[in-house]
Number of protein chains: 2
Amino acid sequence: MYRSTQKKSAMPERGRPRTFDRTAALRQAMELFWAKGYEGTSIADLTAAMAISSPSLYAAFGSKEALFLEATDYYTRNEGTEIWTALDEAPTACQAIENFLRQTAKAYSQSDRPQGCLIALGALHKDSSSGAICDDLRRRRAENHTALLRRLERGVAEGELPTSFDSDAAATFYATVQHGMSIQARDGASRAALLATVAGAMAAWQGLSGTA
Amino acid sequence: MYRSTQKKSAMPERGRPRTFDRTAALRQAMELFWAKGYEGTSIADLTAAMAISSPSLYAAFGSKEALFLEATDYYTRNEGTEIWTALDEAPTACQAIENFLRQTAKAYSQSDRPQGCLIALGALHKDSSSGAICDDLRRRRAENHTALLRRLERGVAEGELPTSFDSDAAATFYATVQHGMSIQARDGASRAALLATVAGAMAAWQGLSGTA
DNA sequence: CCTTTTATGTAACGATCGATACATAAATAT
DNA sequence: ATATTTATGTATCGATCGTTACATAAAAGG
């Protein structure tokens, strides 16, 4: 019933080789889930976009749920990575947050891709979507919050921010702003509109950090 | 094919009277759509929650889509109304925004109701959900943005805010924060966590308004 | 009374959902 | 050459989707 999902290419090939590019098919599936959500994407939609038959889909990915989980993993590794590198590489916490939000605005408004974030919008209703799907996305969102928290705590550790700075509250605030930007982007907001939100969020920095 | 949907109770009753409370059934439908989204809620789910048969549902509400539209209208008229009265009744724009956000935090974290906002979370994927559904929610979100904008413009007109104040950018920012709070609430955030976001958003006020 | 009108309950419609059985094809292993 | 292993293509599974036909029940209008 279960089969290993990821062959590290070193594995010698037994049996008939597959006639499609597994990674390319996965990318197509990701884009479809990204645009239509988990519930809104059918197997028929997927097989059409991936240009394979349903038995091939199930042989290669296991199930719709497993395919979604693998697609979100692919998404995490390949989309919007500038957002998180910006967070870590900026010299100050303030610049880190601002670059984080600016990269978010940029990534969420790319016209050649679905707008907003797959992690934020892919499956929000636990009662209906497969619980595992919803929990996985929730866990990834929590990881994003943690990444923000770590960067802010680093700012405190480095003396940039006062020890009284509430890193957790600030991380929650900026993560929430980012989530809101996904819905804003889905509503067709321009990049300028997203950047207006970024400006608003950064206007909070002085108040939060107690800096002049 | 079409039938009038809203009898203002003055209409004399012809034919067999319905045996269920239409408004109560609508409220049950609203709660289900609120919890599970449009796509995630099936007719079977609805008839079970409303305690009526599917022919009764169709006779009374027309279709799943029409029922959703009516349910969102009911939601708008009956849920979270404090949010918008707070916006209009506060004496200053600053207090209006803060009360708006605090009422949002309160409404989105009520334990006896689905968390977050039906308008924000009910149908985000236009490609899959009925287009009319998605457009209707989008329109309602735009109306919310407009309400914020009007209140801020009033602050400018009353001299509370400088004429240089960018009401539209600020309205966009605060609307986005509110949308993010819906996702945050869906992730199980406590009321305290939502209020941390409110504090962050209000910390932006000084920077946005140029006030001390 | 009878007709008209509307609601209810049972039962089912065609379409689509996610997922597979089966036979066949193409590769390696012995 | 034969066996083994894996992928493909066709065709379809039972379940559920939103929706409706149909006969019956309960009210008002004539």
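Numbered from 1 within each chain, the chains take letters A, B, ... in sequence-line order.
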For a quick test of your reading: what N or O donor-acceptor pairs under 3.5 Å do the side chains of residues 43-57 of chain A make, sequence neighbours left out?
residue, atom, partner, partner atom, Å
A:Asp45, OD2, A:Lys36, NZ, 3.1
A:Asp45, OD2, A:Ser42, N, 3.1
A:Asp45, OD2, A:Ser42, OG, 3.1
A:Thr47, OG1, A:Ile43, O, 3.2
A:Thr47, OG1, A:Ala44, O, 3.0
A:Ser53, OG, A:Ser56, OG, 3.3

Set of residues satisfying ring pair (Phe, Tyr, Trp, His ring centres under 6.0 Å) with respect to B:Phe100, sequence neighbours excluded: B:Trp84

Applying salt bridge (charged side-chain N to carboxylate O under 4.0 Å, His left out) to B:Lys64 and not counting sequence neighbours gives none

Could you list the residues that satisfy salt bridge (charged side-chain N to carboxylate O under 4.0 Å, His left out) with B:Glu98, not counting sequence neighbours? B:Arg102

Which pairs count as side chain to side chain donor-acceptor pair (under 3.5 Å) when at least one residue sits in residues 109-125 of chain B, sequence neighbours excluded? A:Arg186-B:His125, B:Glu79-B:Arg113, B:Ser109-B:Arg191

Counterpart residues, side chain to side chain contact (heavy atoms under 4.5 Å, CB included), relative to B:Thr81 (two or more places apart): none

Across all chains, not counting sequence neighbours, the side chain to side chain contact (heavy atoms under 4.5 Å, CB included) partners of B:Cys94 are B:Thr92, B:Glu160, B:Met202, B:Trp205

All stems with DNA chain D, defined as three or more consecutive Watson-Crick or G-U pairs under 3.5 Å: C:3-30 with D:1-28

Specify the separation, in whole Å, of atom CG of A:Leu57 and atom P of D:dT10. 17 Å

Can you find a side chain N or O atom of A:Arg18 that sits less than 4.0 Å from OP1 or OP2 on D:dA7? yes

Taking C:dT5, C:dT8, C:dA27 as options, the one with an atom nearest any side-chain atom of B:Phe20 is C:dT8

Taking protein heavy atoms under 4.0 Å as touching, what does nucleotides 9-19 of chain C look like 5' to 3' if B marks base contact, S marks sugar-phosphate-only contact and - marks none? BBB-----SSB

If only side-chain N and O atoms count, and only distance matters, is there a donor-acceptor pair under 3.5 Å linking A:Gln184 with B:Thr172? no

